[in-house]
A.B. asks: 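Encoded as structure tokens, here's the structure I'll be asking about.
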Amino acid sequence: MPSDFDAIVIGAGHNGLTCASYLAKAGMSVIVLEQYKRIGGMTLTEEITLPGFKSDIHSYSHTFDLLSPALKDLDLASHGLEFLFPDPAFTSVFPNGLAVSVWRNLDKTCESISKFSKKDAAAWRKLHEMYLAGKQNTVRLLFGPPPSFGSLATELEKSEIGMEIFRSFLISVRTWCNEWFEADEVKTLFGSWAMHAGFSLEDSNGADFVFLITSICQDSGNAIVKGGSAGIALALERYLRARGGAIMTEAFVENIMVKDGRATGVRLKDGRTFHAKKAVVSSVDPRQTFLKFVGEDHLDPSIVRKIKRIDYGSAVATIHYALDSRPSYYAGDEANNAAYVHTTPNFDSMAKVSYECRAGLIPENPWYLATNDSATDPTRAPPGKYVMKLLLCNLPNPIRGDARGGEITETDWDKAKEKVAERVEQDFSKHVRNLREIKLKRVVESPLDLERRNPNTVNGSLLNGAAQIEQFFSFRPFPGMSQYRTSIKGLYLCGSCTHPGPGVSTAPGYNGARAVLQDLGVDFSSLTTLR
Ligand SMILES: Cc1cc2nc3c(=O)[nH]c(=O)nc-3n(C[C@H](O)[C@H](O)[C@H](O)COP(=O)(O)OP(=O)(O)OC[C@H]3O[C@@H](n4cnc5c(N)ncnc54)[C@H](O)[C@@H]3O)c2cc1C
């Protein structure tokens, strides 16, 4: 294995691999260095419960990447990426056994919403028209460097729809849901998405995220990858290797070598070194990239201060199940087949969970969603068997106490996780009639487990920097470094700590590669189909 490359990419998550693939497409020699034994980062699929049961360890649903030019630019379908489209895209089930869903078909969604409010069904239709009218601009906003707040405002102020979108950047999810919908069930259906990204209903932003992701689910779908989420990383790997790129796993980067203010290569924990002639690109979070790999000696104190104040947001945990047969929801097939089932009992309950989480408490009733992996993708489990995951969002890390009157006394996640899982499973059993009978194996992953496997899951958070407005757009990862370039020459960023943030989108990888190639004088437009 040579040790000199044009570019070194740190981290083989989907963003690092996307970035490396574009660099290879431009003719550069590239190596991707990954600390874990497998590639994929937060798109890993592993047999974590029992042999033959393939679980998505982290991400499961694909939305933003359905808009990505990388799918075409890197020809990922011919490299093995196959999306499947569960229908409904997402469903909310309630304690009374009722359900409301966003289906692939808009009329069907409106019919579902009409059971609770005809006015809300009309509102969703109107919102969807707004999304479609601005869709191309949204794609350009995601797959491009973040605009300054000034230029963003100027652009959006040009139209009435633009002003509505601008306003949605600044209002809370509660305000948005209250303005558009009247039925609590419908507010819960859409508002539940706030919890995915760690927003409370009251935060001074978050409505834009809820509007965008639910609109993508309606328009493009809430896709899953056949065989598991890792399929996206594996397709990128095939593309990259076909263009001469290299990937090395179990390669823990410890140091970025800097000479005369320029990044010249990296050193691994085991002492091996790799030299970069043109660029070192990091897909991992700023604390590792700057404070550990580069070191404070090479950084201006103002940059160190900005990195240290990054809020990584609330933590998440997962409960993976291997099941003997198909789970049966009391709400029926609508829930049995949905990509995501939200179990949020009512709109206000989410505010309570966020408050408890931010106070450091294990929520009295933790917020979670369920996935129905095998309903759409039987390849993930042995014949007749079933894979399912619960994702718990808005958890505290560290734990200071338990909101349920101190029922859980442990404050160490390693000790508390099974008890938290039991609390969640008891609630989930109220929605799924046969859960206890069909359970073959349950594996719980706490925020600590997630961070141990992937240090990029900082603090057990999936966000890589909370998605609050003061850490978004040109504030991401921090003011002055939002354009994928850094204060060290030849060192770039390409992970979800950069615009447009968390989620499987390929966008930070795409945008990071563009910055590198622009600085090398390569015409990026010749490498992409996005216009
Ligand atoms: C539990 C969970 C569920 C999620 N569910 C969804 C979902 O359903 N849909 C969705 O869109 N998003 C979801 N997300 C978020 C999404 O998966 C991430 O935002 C996205 O995958 C991040 O991609 P990335 O390439 O930027 O980072 P990562 O995937 O984290 O890639 C970074 C890579 O760098 C490696 N690395 C870290 N440190 C080093 C080092 N020192 N040396 C070498 N390598 C290193 C890591 O091992 C990792 O492979 C979820 C996340 C989690 C944790």
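The structure displayed is predicted, hence computed values, not measured ones. Start at 1 and go down the list; that is how both ligands and their atoms are numbered.
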A.B. asks: Main chain of Arg453, side chain of Gln35: is a donor-acceptor contact present, judged purely on distance under 3.5 Å?
C.D. replies: yes
A.B. asks: Check step by step if salt bridge (charged side-chain N to carboxylate O under 4.0 Å, His left out) holds for Arg104 and Asp219.
C.D. replies: CA-CA 7 Å; Arg104 297 297 316 281; Asp219 182 43; over 6 Å; no
A.B. asks: Under the ring-ring contact (aromatic ring centres under 6.0 Å, His included) test against Phe169, which residue among Phe211, Phe472, Phe473 passes?
C.D. replies: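 Among the candidates, only Phe473 passes.
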A.B. asks: Could you list each nitrogen or oxygen of ligand 1 that sits under 3.5 Å from a protein nitrogen or oxygen, with the atom names and the distance?
C.D. replies:
{"residue": "ligand 1", "atom": "8 (O)", "partner": "Tyr60", "partner atom": "N", "Å": "3.0"}
{"residue": "ligand 1", "atom": "8 (O)", "partner": "Ser61", "partner atom": "N", "Å": "3.0"}
{"residue": "ligand 1", "atom": "8 (O)", "partner": "Tyr340", "partner atom": "OH", "Å": "2.8"}
{"residue": "ligand 1", "atom": "9 (N)", "partner": "Ser61", "partner atom": "O", "Å": "2.8"}
{"residue": "ligand 1", "atom": "11 (O)", "partner": "Val504", "partner atom": "N", "Å": "2.8"}
{"residue": "ligand 1", "atom": "17 (O)", "partner": "Met42", "partner atom": "O", "Å": "3.2"}
{"residue": "ligand 1", "atom": "19 (O)", "partner": "Gly503", "partner atom": "N", "Å": "2.8"}
{"residue": "ligand 1", "atom": "23 (O)", "partner": "His14", "partner atom": "ND1", "Å": "3.4"}
{"residue": "ligand 1", "atom": "25 (O)", "partner": "His14", "partner atom": "N", "Å": "3.4"}
{"residue": "ligand 1", "atom": "25 (O)", "partner": "Asn15", "partner atom": "N", "Å": "3.0"}
{"residue": "ligand 1", "atom": "26 (O)", "partner": "Asn15", "partner atom": "ND2", "Å": "2.9"}
{"residue": "ligand 1", "atom": "26 (O)", "partner": "Ser496", "partner atom": "N", "Å": "3.0"}
{"residue": "ligand 1", "atom": "26 (O)", "partner": "Ser496", "partner atom": "OG", "Å": "3.1"}
{"residue": "ligand 1", "atom": "27 (O)", "partner": "Asn456", "partner atom": "ND2", "Å": "3.2"}
{"residue": "ligand 1", "atom": "29 (O)", "partner": "Met42", "partner atom": "N", "Å": "2.7"}
{"residue": "ligand 1", "atom": "30 (O)", "partner": "Asn454", "partner atom": "ND2", "Å": "2.9"}
{"residue": "ligand 1", "atom": "30 (O)", "partner": "Asn456", "partner atom": "ND2", "Å": "2.8"}
{"residue": "ligand 1", "atom": "38 (N)", "partner": "Gln288", "partner atom": "NE2", "Å": "2.9"}
{"residue": "ligand 1", "atom": "41 (N)", "partner": "Val253", "partner atom": "O", "Å": "3.1"}
{"residue": "ligand 1", "atom": "41 (N)", "partner": "Gln288", "partner atom": "OE1", "Å": "3.1"}
{"residue": "ligand 1", "atom": "42 (N)", "partner": "Val253", "partner atom": "N", "Å": "2.9"}
{"residue": "ligand 1", "atom": "44 (N)", "partner": "Gln35", "partner atom": "N", "Å": "3.1"}
{"residue": "ligand 1", "atom": "47 (O)", "partner": "Glu34", "partner atom": "OE2", "Å": "2.7"}
{"residue": "ligand 1", "atom": "47 (O)", "partner": "Gln35", "partner atom": "NE2", "Å": "2.7"}
{"residue": "ligand 1", "atom": "49 (O)", "partner": "Glu34", "partner atom": "OE1", "Å": "2.5"}
{"residue": "ligand 1", "atom": "49 (O)", "partner": "Glu34", "partner atom": "OE2", "Å": "3.2"}
{"residue": "ligand 1", "atom": "49 (O)", "partner": "Gly41", "partner atom": "N", "Å": "3.4"}

A.B. asks: Consider side-chain hydrogen bond (donor to acceptor under 3.5 Å, both in side chains). Of Lys389, Arg380, His320, which one does Asp56 pass it with?
C.D. replies: Arg380
A.B. asks: When you check the side-chain N and O atoms of His58 and Ser229, is any donor under 3.5 Å from an acceptor?
C.D. replies: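 Short answer, no.
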A.B. asks: Is the terminal nitrogen or CZ of Arg476 (NZ for Lys, CZ for Arg) located under 6.0 angstrom from the six-membered ring centre of Phe478 and within 45° of that ring's axis?
C.D. replies: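 Judged by the rule (NZ or CZ under 6.0 Å from the ring centre, within 45° of its axis), Arg476 is not positioned above Phe478.
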